[in-house]
Colleague: 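The structure follows.
Chain letters run A, B, ... following the sequence lines, proteins first and then strands; every chain starts at 1.
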Number of protein chains: 2
Amino acid sequence: MPTGPIRLTDRASSALRPATAASITGGFWAERRRANAEVSIPQGPARLESAGNLANLRAAAAGEGAFTGDFPFQDSDVHKWLEAASWQLADTPDDAELAAKVAELTGLLAAAQESDGYLQTYYQVAHPEKRWQELGWGHELYCAGHLIQAAVAHHRATDRRELLDVAERFAVLVDSVFGPGKEIDGVCGHPEIETALVELYRETGERRWLDLAGYFVDRRGHGLLDAEVNAHLGKAYWQDHTPVREATSVAGHAVRQLYLLAAVTDLAAETGDGELRAVAERLWDAMVASKTYLTGGLGARHEGEAFGEPYELPPDRAYAETCASIAAIQWSWRMALLTGDAKYSDLVERTLYNGFLAGVGLDGDSWLYVNPLQVREAYEGGYEPDKTARRTPWFRCACCPPNVMRLLASLPHYLASGDAEGLQLHQYATGVYEAGGGRVRVETAYPWQGRITVTVEEAPEDADWTLSLRIPSWCTDFTASAPDGEAPAETHPGWLRLRRRWSPGDTLTLDLEVETRLTRPDPYVDAVRGCVAIERGPLVHCLEAVDQAPGLRFEDLTLPDGARLAAHHDPGLLGGVTVVTADGRSRGAEDVVPLTAVPYYAWANRRPGAMRVWIPRE
Amino acid sequence: MPTGPIRLTDRASSALRPATAASITGGFWAERRRANAEVSIPQGPARLESAGNLANLRAAAAGEGAFTGDFPFQDSDVHKWLEAASWQLADTPDDAELAAKVAELTGLLAAAQESDGYLQTYYQVAHPEKRWQELGWGHELYCAGHLIQAAVAHHRATDRRELLDVAERFAVLVDSVFGPGKEIDGVCGHPEIETALVELYRETGERRWLDLAGYFVDRRGHGLLDAEVNAHLGKAYWQDHTPVREATSVAGHAVRQLYLLAAVTDLAAETGDGELRAVAERLWDAMVASKTYLTGGLGARHEGEAFGEPYELPPDRAYAETCASIAAIQWSWRMALLTGDAKYSDLVERTLYNGFLAGVGLDGDSWLYVNPLQVREAYEGGYEPDKTARRTPWFRCACCPPNVMRLLASLPHYLASGDAEGLQLHQYATGVYEAGGGRVRVETAYPWQGRITVTVEEAPEDADWTLSLRIPSWCTDFTASAPDGEAPAETHPGWLRLRRRWSPGDTLTLDLEVETRLTRPDPYVDAVRGCVAIERGPLVHCLEAVDQAPGLRFEDLTLPDGARLAAHHDPGLLGGVTVVTADGRSRGAEDVVPLTAVPYYAWANRRPGAMRVWIPRE
């Protein structure tokens, strides 16, 4: 059974199934995950301590004390850290220190929980009289959702029930209070519990959780939050602007929208609801067509942390919240499993390597909440209140850091899937993946190099079996060589498939041509007209001021059509990156100016300064 | 003495003085002012009634009842309407109905005022315990400022004291409470009282008001609002981020910043404070260099209604609040008087004809709060909560409509000035202007045509006298002819000056060449790279979907380099406008596509649809 997120039930109608086991053992992601395991996750409890999250739990447990922090959803940071730590324990089950910390925080949650199952310290400590009274802004069901996700992760990873008991008690309370004809017919201003309840259904087999998720998804968009909603932010902020089955566009608060759509996909998978599946497909296509940054980032507006209008994709004021990238990966991966369509994993890849990964510093201890595609030389960020274009050790609203932790900790499970025919590799990372009745070992220097070597470790002995490798949409040329000199081709859009009798030790080698390329923007995206971006493989590159020749005005740098490009790997730079250089110009000057472009994910790890992904052509 | 805004004292160090009398009698602005006088202002009280503003005053007077509306500053809408109506009464003193309405609302204010002079219904009716306790968001001094401005207008225009008595009582209370060593050492989150107090000083001659204004200006930026300030919006939102004398950039909430800087200029003029003058000059230059839209609009961000970063000027998400245009006109006009520099009146002109005037519909009864330079074909504005790219009859936060009313009602006083040498015409509108010891009559079909005929009606009989006409910065060619065949030239930057002996009936004719021109954006403004804008005289033009050839995708329209342009006046369109046509293209098609561009101020008066000022070149 899979130890990562999503454990489809037998009744699920997904085209593909999650891998039953997956581990990353080397290469690019192993390094990023090492920082996660050795720095980010271990430091989490101290951050939660100093931000007051743990004090809030103690206050709730003691029944006395004040609430610390500005937001009602502070508990969710604890829940997300617990989820991250739980997935981490699946990798490193012998980490006694981490296990002890998880046990300690689980104990705190259990102690803070009310006898009826309720658990949200903001309302317990600061406003007990307002329990369930502020569904728009209160985040009670949102916190319940993250608690449930954490508990599912903990149970799945460790087979222990302590946290699951806490979560189930809260879920039982929610189910007794919310629903048609019950005490409250309503929804939460911030979706999250929906997808969590589907996972709880998967973990426990109890149908009530699936039904409750379906209720929450379908009750939305009927003005239930009207009485409380702040008109200044608009109904879409609360995802209450339209019934989801009628939606034609992703809209409003990006993270809320994306968590909701992950649940829509989960429901479609588990119930076979074709209408919900069509909604998810339609909204995903619309999002990618006109509301997605080159980095995979989502959310064009700081105001309301919102998607914005179609083709409104400013590079400088991109919000592209780290959490939105995480939510999009979670949603797209569910879509990939549901449909088997490679385009969903293409977006997962784009987001993983760019919009998502930029959210955490190379040190594992500095974070970006918003992920702009441009910072100007004249940047005055001092007037910005909070979410600046500078890395910071934690946030007043600290949703992103533990969210990054949980995604990195569970990352192996977003890479491979299986079905009755065989195993599919969606992303390429050195490691071992078990799915579709077989097991393969992958070795690769991806994304720096395009060679992927897949060695079969286990396959059906007396039957044909299919190994499927995704051909990334950025790749225009590749070769593949299989045992016996076979040269398989792309047989389905985006998939290279080889069906044959496999023996342990058989090797399939895929060579993706990784070339540096210049990407022109969609002509309907006004904000980057006349510009070009540098990409190489799955990586979006950017110019950082620190890398450019001194004495020039950064804002004058251009990359004319036909400029010569080159790439070289620099193992000493930014943890080892491939650097792209280009023959640029500086406006008003005649001579060629060398431009240096590093991968976007690695920006803002040195001296602060200007940055741009989209470079003017003249 | 001037009956419009700004009545400089004899001690003021301004280079120029406001006109002593001014009236617009025909032409472009007479039409816009007619809608203001016949529709906007007369409808004001009914709007204030239905929005609850007047009910709030009655509740305060009665000492019972509930507060209506979402904002503590609702009273200021009443004050601004009273200011507008007062300036209007200077034009139409025999309008008994308007005078009666002014008297009625003045009576309401007097009845609502507390015995100690306090007057803000939000705190009187809803939160009496919080008086002076929420200086950041409370807007008490802001409302006091608008009350004072209204009272000065009323007194100046009608010589009646009823409203001035109310305002002075409040001002006395403020002066007794605020100040060094007094009950409160603090400032208001929204500047406005500062410039109002300078005007009260000018109207009454009482030095204490000037001193109090100086105190408020200099106490700002020292963290006085820290305790209350919402960190999410940042200190610049409240104009508390830096002492104004140390500021190097306009920042934060645009309207707040601009009202504050109007006061800085007022103080520099009245006290001769050279440091304050230098601050105003420096910040004005910085604003025009990197934070001003082609329309004169100010404020690049919806979030925090803020200026944004240098060169951050998105056309689609331009905030460019109508109130910010008004505040900028008020500030720039003060700068023009203080320095005599024509560049300030250039910006007044750009703002008046574009960013400001777009704020009110041609019917005088429909409004724009934000003034974007682009609306896309795919516009989904339904998800926007409030301030959409559609005209609306009033706003939940209705600061803009009465602000437009007061500016249009007092507009004649922003057009001409005088000094010891003679009279200066800053803007061209058919009318009569008295300044610098003389009086002229102006006749012009500006902005449609460039001929301005100035006839001297009165001038010193036995002395030379100087007539100065501003040469707009958009104008590259002009001719002028004076009595006796003289042909005066531009003798100072931006000014055509003719010094001679003038007799009544003498005529000076200025012919400005009004040509349609294509404007390229500043290369540092990323958001409109690769685009071009159509301008003609002081008017910025725009494409509206409704005017374009059917069957084409609006977003595919381009205006290639070298395209042929033509202009014709259409008296039946949009109240009579000059229309520019151009040989455009549609992407992917070979044929020429006719583009039709109307003046930006007149957009959004027909069927809603796409619009753009900046047109892609390819």
Colleague: Select, from Ala306(B), Pro523(B), Gly304(B), the one with the greatest count of heavy-atom pairs under 4.5 Å involving chain A.
Modeller: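 Result: the option with the highest number of such pairs is Pro523(B).
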
Colleague: Where do Glu303(B) and His302(A) come nearest, in terms of heavy atoms and distance?
Modeller: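 Here Glu303(B) and His302(A) meet closest at OE1-CB, 3.3 Å.
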
Colleague: Less than 4.5 Å apart, any side-chain heavy atom of Arg317(B) and any of Arg301(A)?
Modeller: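 Answer yes - side chains close enough.
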
Colleague: Do you know the tightest heavy-atom contact between Glu309(A) and Gly381(B)?
Modeller: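 Answer, listing the atom of Glu309(A) first, then Gly381(B): OE2-N, 3.4 Å.
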
Colleague: Any idea which of Cys531(A), Pro616(A), Ala300(A) has the most non-hydrogen atom pairs under 4.5 angstrom with chain B?
Modeller: Pro616(A)

Colleague: Against chain B, label Glu377(A) side chain, backbone, both or neither, depending on which of its atoms sit under 4.5 Å from a heavy atom there.
Modeller: neither

Colleague: Return the set of residues passing side chain to side chain contact (heavy atoms under 4.5 Å, CB included) with Val288(B) (not counting sequence neighbours), or none when no residue passes.
Modeller: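 Once residues adjacent in sequence are excluded, the partners of Val288(B) under the side chain to side chain contact (heavy atoms under 4.5 Å, CB included) criterion are Trp284(B), Thr292(B), Leu347(B).
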
Colleague: Side chain from CB out, backbone as N, CA, C, O: work out which of these in Asp316(B) comes under 4.5 Å of a heavy atom of chain A, or both, or neither.
Modeller: side chain

Colleague: Of all residues at least two apart in sequence or in a different chain, which pass the side chain to side chain contact (heavy atoms under 4.5 Å, CB included) check with Pro310(B)?
Modeller: Ala378(A), Glu380(A), Ser290(B), Lys291(B)

Colleague: Checking the side chain of Arg376(B) only, and the main-chain atoms of Tyr311(A) only, is there a donor and an acceptor separated by less than 3.5 Å?
Modeller: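 Looks like yes, one N/O pair under 3.5 Å.
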
